[in-house]
Amino acid sequence: MMRTPADPGIQVIPGPRRSRPRVCVIGGGIAGLSAAHNVLANAKHPIDVTVLEASDALGGKLRVSEIADVPVDEGAEAVQATRPEAVALARAVGLDRDLVHPEVFGASLWIGNELLKMPPTVMGIPTDLRALTASKVLPLNTILKMPLEYHKTATRFDNDVSVGAFVEERLGREVVDTLVEPVLGGVYAGRADALSLEATVPALFRELRNQRSLLKAAEFTSRGGGRQAGARRGPVFAGIRGGVGRLPAAIADDLVSLGADVRRNAPVRSIHRLADHWRVIVGTPDNQEVLEAEEIILAVPPQQASDLLAHICPPAANDLGLIDMSSMATVAMAYPAKAVGPMRGSGFLVPPSEQRTIKAANYASRKWDWVSRRAKTRRGESDSMVMLRASVGRLGEEEVLSLDDKEIAARVHDDLQAAIGISELPLQYRVTRWNDAIPQYSTGHVRRVERIRAAVSGVPGLEVCGAAFDGVGVAAVIGSANFAARAVSDRLAAHALVLD
């Protein structure tokens, strides 16, 4: 028997040399599943693909479950449709007929005791001063000063800058607190003063290299001037009938049909680079297995990736360990339709300065026709339900997450009652906690990602992907996975040519 030098307590019984290469994907969230699917679907020669997920559920932050007999997403409920990756993958795994778009658009801002229509913005930065004035979300004297920004000196970006600091310098603190903070809080559960302008709003950042004015750059970006290559025009968002949380299971099923080995409850303890392949230690100390693979794709949160790479690639491990994570929770509520007041648009955002429990809410049964139909057919037209979703918690406001589910639900109900008028308690509720869920793209994030990828590129047969790199949205995460998968596929193809 042999022992691995890095872990002398692990016994390995070598088997016969494999006749074809194996790609081991560590992590069964949307990044890992997408990477595995991309590698296997595009393989030019026979390969083995193994996906290892530590928990008993695939999909990571994409999950759907029923509340009052109606499926409602626990994580993301939509994907960006102006990028091709998520929609294309959904179609590839047989969900093309279930792709849908929101029935209503437009969010409000909850300011004081009013829900005011959200003016058009790019990540909270106004793009139309007339619409901003009409919305009444900012005092008129603040808006009247804004045209002066057109004449300010252009900013030189010698170093990265936070969104909050840059917008405050150009447009004032009120714009940050009222508009930028609630949008960034909804996307990153983070703070504008810590999040990188270059990393969180890359299209706008590119325009700022050509425009002296932030307002002009935001306006140009909103018209598609900052559109990324490969993006398409059309509806901004798409959903999946039955919930976006259906996507991971559909990918996993397709992977299995293509011959992949998809494992749950398979935690990876360590990885070891040998002469020409990897050794992956899977399982618990009492029940462990050793897998060998030519290629590894790490698709796990940054801290886990840091731990696994500590002895393999210390520079990358160090930078990965410096990426902070924020925690939050989603709260789904089912109400009798007759008990809920009129709702306008798709939902509302809440500036942190309002000191409410919820940071955002959306009207799921107004936004998605399939939710509305299920809510009616489950109880009958005369006794239909309204399904609402709220989110709570952001960086610096984690104390609400320490409350029990009943207390969180009660606080969310009180806020919804005050915002839109609700005369009865919810029929059912569901609280889903996402601890250390969202990577924070702090200033310097783009350079940090460049360093991580440069360091990883020096390790044979290794790729990394996930929400920590190129965006936290579903489409961006899949894009990150595809990038890693293509690199693996290219190496496997080159190796096959050499053997031929």
Checklist entry - Taking all non-hydrogen atoms of both residues, which atom of G471 and which atom of V477 are closest, and how far apart? => result O-CG2, 3.6 Å

Checklist entry - Counting only N and O atoms by type, is there a donor-acceptor contact under 3.5 Å from the side chain of D160 to the main-chain atoms of G444? => result yes

Next on the checklist: Ignoring hydrogens, what is the shortest heavy-atom contact between S326 and L395? Give both atom names and the distance.
Outcome noted: CB-CD1, 4.1 Å

Checklist entry - With a 4.5 Å limit on heavy-atom distance, are the side chains of V93 and D253 in contact? => result no

Checklist entry - With distance as the sole test, does R241 use its side chain to make a donor-acceptor pair with the main-chain N or O of R97 at under 3.5 Å? => result yes

Next on the checklist: A side-chain contact here means heavy atoms from C-beta on lying under 4.5 Å apart; do I422 and M333 qualify?
Outcome noted: no

Next on the checklist: Measuring from atom CG of N318 to atom CG of L309, what distance do you get when rounded to the nearest 0.5 angstrom?
Outcome noted: 12.0 Å

Item to check | Worked check of side chain to side chain contact (heavy atoms under 4.5 Å, CB included) between S442 and R448 | outcome: CA-CA 10 Å; S442 58; R448 180 174 294 119; 3.6 Å; yes

Item to check | S65-R430 side chain donor-acceptor pair, cut-off 3.5 Å | outcome: yes

Next on the checklist: Walk me through whether R191 and E181 qualify under side chain to side chain contact (heavy atoms under 4.5 Å, CB included).
Outcome noted: CA-CA 7 Å; R191 291 290 185 177; E181 284 283 19; 4.1 Å; yes

Checklist entry - Below 4.0 angstrom, N of the basic side chain to O of the carboxylate: do R264 and E53 qualify? => result no

Checklist entry - Quick one: does S306's side chain have a donor or acceptor within less than 3.5 Å of a partner on A317's backbone? => result yes

Next on the checklist: For the CG atom of L179 and the CD1 atom of I125, what is their distance to the nearest 0.5 Å?
Outcome noted: 9.5 Å

Next on the checklist: Treating D73 as the side-chain partner and G245 as the backbone partner, does any N or O pair qualify as donor plus acceptor under 3.5 Å?
Outcome noted: yes

Next on the checklist: Just verifying a value: how many Å separate L62 CG and E74 CD, rounded to the nearest 0.5 Å?
Outcome noted: 11.0 Å

Next on the checklist: Quick test of your reading of the model: are E198 and R447 salt-bridged, counting only N-O distances below 4.0 Å?
Outcome noted: yes

Checklist outcome for this item: When rounded to the nearest 0.5 Å, the distance separating CG of L109 from OG of S135 is 8.0 Å

Checklist outcome for this item: For V87 and A238, the nearest pair of non-hydrogen atoms, with its separation, is CG2-CB, 4.2 Å

Checklist entry - What's the shortest heavy-atom distance between A252 and V262, and which atoms? => result O-CG2, 4.4 Å

Item to check | Carboxylate-amine/guanidinium contact K359 E397, below 4.0 Å | outcome: no

Checklist entry - To the nearest 0.5 Å, what is the distance between OG1 (T284) and CG (N265)? => result 11.0 Å

Checklist entry - With a 4.5 Å limit on heavy-atom distance, are the side chains of V340 and Y363 in contact? => result no

Checklist entry - Should D193 and R173 be marked as a salt bridge (Lys or Arg N to Asp or Glu O under 4.0 Å) after you check the CA-CA gap, both sets of side-chain angles, and the distance that decides it? => result CA-CA 11 Å; D193 288 333; R173 191 67 206 180; 2.9 Å; yes

Next on the checklist: Using modelled atom types and a 3.5 Å cut-off, is there a donor and acceptor pairing between side-chain atoms of H445 and backbone atoms of A468?
Outcome noted: yes

Checklist entry - Does the S365 side chain pair with the main chain of M387, one donor and one acceptor, at a distance under 3.5 Å? => result yes

Item to check | Separation of H37 NE2 from N482 CG (nearest 0.5 Å) | outcome: 10.5 Å

Checklist entry - Would a distance-only check, ignoring hydrogens and angles, find a side-chain to backbone donor-acceptor pair under 3.5 Å from D128 to P120? => result no

Checklist entry - Could you go step by step and tell me if M385 and L427 meet the side chain to side chain contact (heavy atoms under 4.5 Å, CB included) rule? => result CA-CA 9 Å; M385 294 181 296; L427 298 166; 3.8 Å; yes

Next on the checklist: Quick check against the 3.5 Å criterion: does E463 have a side-chain atom that pairs as donor or acceptor with the backbone of A485?
Outcome noted: no

Checklist entry - Do other residues, nucleotides or ligands put more than 12 heavy atoms under 6.0 Å from E399 CD? => result yes

Next on the checklist: Is it true that S327 and E398 share a donor-acceptor pair across their side chains at a distance under 3.5 Å?
Outcome noted: no

Item to check | side chain to side chain donor-acceptor pair (under 3.5 Å) partner of Y335, the single match among Q417, H413, Q428 | outcome: H413

Checklist entry - Are side-chain heavy atoms of L298 and Q304 found at a separation under 4.5 Å? => result no

Checklist entry - Per the side-chain contact (heavy atoms from CB on, under 4.5 Å) rule, which among V244, L89, L99 passes with V79? => result V244

Item to check | Test item: R394 side-chain N/O and M328 main-chain N/O as donor-acceptor pair under 3.5 Å | outcome: no

Checklist outcome for this item: Test side-chain contact (heavy atoms from CB on, under 4.5 Å), reference E168, set V180, V176, V175, output is V176

Checklist entry - Relative to the ring of W110, is the ring of F348 parallel (under 30°), tilted (30 to 60°) or perpendicular (over 60°)? => result perpendicular

Checklist entry - Of the non-hydrogen atoms in A266 and L52, which two are nearest, and what is the gap between them? => result O-CB, 3.8 Å

Checklist entry - Salt bridge check: are D96 and R91 linked by an N-O gap of less than 4.0 Å? => result no

Checklist entry - Under 6.0 Å from the CG atom of D404, do we count more than 12 heavy atoms belonging to anything else shown? => result yes

Item to check | Any V161 side-chain heavy atom under 4.5 Å of T443 side chain | outcome: no

Checklist entry - Is there side-chain contact between I111 and E354, with heavy atoms separated by less than 4.5 Å? => result yes

Checklist entry - Which atom names give the shortest non-hydrogen contact between R344 and L115, and what distance separates them? => result NH2-O, 3.2 Å

Checklist entry - For the side chain of R246 and the backbone of V64, is there at least one donor-acceptor N/O pair under 3.5 Å apart? => result no

Checklist entry - Will you find, in the side chains of S353 and D177, an N or O donor that is under 3.5 Å from an N or O acceptor? => result no

Item to check | Check: T221/E207 side-chain N/O donor and acceptor closer than 3.5 Å | outcome: no

Item to check | Pair R374 + D69, salt bridge at N-O below 4.0 Å | outcome: no

Checklist entry - In terms of heavy-atom contacts, does CD of E424 have more than 12 from other residues, nucleotides or ligands at under 6.0 Å? => result yes

Next on the checklist: The test is side chain to side chain contact (heavy atoms under 4.5 Å, CB included); show your working for V268 and V300 and say whether it passes.
Outcome noted: CA-CA 11 Å; V268 173; V300 294; over 6 Å; no

Checklist entry - Is there side-chain contact between R389 and E77, with heavy atoms separated by less than 4.5 Å? => result yes

Checklist entry - Is there a side-chain contact between S108 and M118, using heavy atoms and a 4.5 Å cut-off? => result no

